[in-house]
Amino acid sequence: MGPSEHAVFLQRDYGCSSAAKVLEIARDLFNGRIAVVSSFGAESAILLHLVSRVDATIPVLFIDTGRHFPETLDYRERLSAHLGLQDVRSVGPTAVEEQRLDPDLRRAIWDADGCCAFRKVAPLECALRDFSAWISGRKRFQTTGRADLPVFEADGDHVKINPLASMSAVEIVDYVEMHNLPPHPLVARGYPSIGCAPCTTTVRKGENARAGRWRGLVKTECGIHRPARSLVRD
Ligand code: SF4
């Protein structure tokens, strides 16, 4: 059975299950062949907490773009230790690629899609070759583009699993409080959604939480979640 057919059956049978149940099913079905992809951003603690309870040895892939806020790198270390995650891996562009494709670190300004392609999309594509399925923390309420997000979907050669798809903003707040999860330090400084430093601003009251991501551009996603992904490196 290919990823598309598999995702359809999983969505039919488990698409309405709780996030914890979805993760248990995913662990059992893809034992040793599944990874979590986490940005260690503003809402990452919830998914990682759930994963840590189901199986703290599931690999967690962090895309280290080289352009993150230092606070994010520090948070990755502190949250991983707090949750007891056993296998957090950093993936990202090589130093040679960075020098060749973005020598003055200005590519995010004039070619954000190209920057994301070599800093995020290509490294993740390589890292996922070792796996059959991966888990993301996306939610339907976040953007109109995610409004129809299924819990199970096909992503090329992989099954992609979104255990938090149906979670609301209120439920997120409640979950964090209930489990006393440590917040990303930039949230208190006005960043409700956190990506790379050059492409993330604070958000004004009343704005969508992701309004500070690629502000001023039509771009709303980095590319790792597009249905058809490109491996363009230059
Ligand atoms: S989010 Fe910005 S800095 Fe990060 S990879 Fe994409 S364009 Fe580059």
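The first residue in the sequence is number 1, and the count goes up from there. Order of listing sets the numbers, starting from 1, for every ligand and every atom in it.
Taken from OG1 in Thr220 to NE2 in His225, the straight-line distance is 11.0 Å, to the nearest 0.5 Å.
Shown are His82, His184, His68; of these, the ring pair (Phe, Tyr, Trp, His ring centres under 6.0 Å) with Tyr75 is made only by His184.
No donor-acceptor distance shorter than 3.5 angstrom exists from the side chain of Arg213 to the backbone of Ser193, with no hydrogens or angles considered. Between the side chain of Gln11 and the backbone N or O of Phe152 there is at least one donor-acceptor pair closer than 3.5 Å.
Under 4.0 Å from any atom of ligand 1, one finds heavy atoms of residues Arg67, Ala108, Ala112, Cys115, Cys116, Arg119, Lys120, Cys196, Cys199, Trp214.
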### Query
Going through the distances and angles, do Glu221 and Arg138 end up as a salt bridge (charged side-chain N to carboxylate O under 4.0 Å, His left out)?
CA-CA 11 Å; Glu221 299 278 0; Arg138 290 175 300 162; 5.8 Å; no
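Ion pair Glu171/Lys139 not flagged as a salt bridge, since none of the NZ, NE, NH1 or NH2 atoms sits closer than 4.0 Å to an Asp/Glu carboxylate oxygen.
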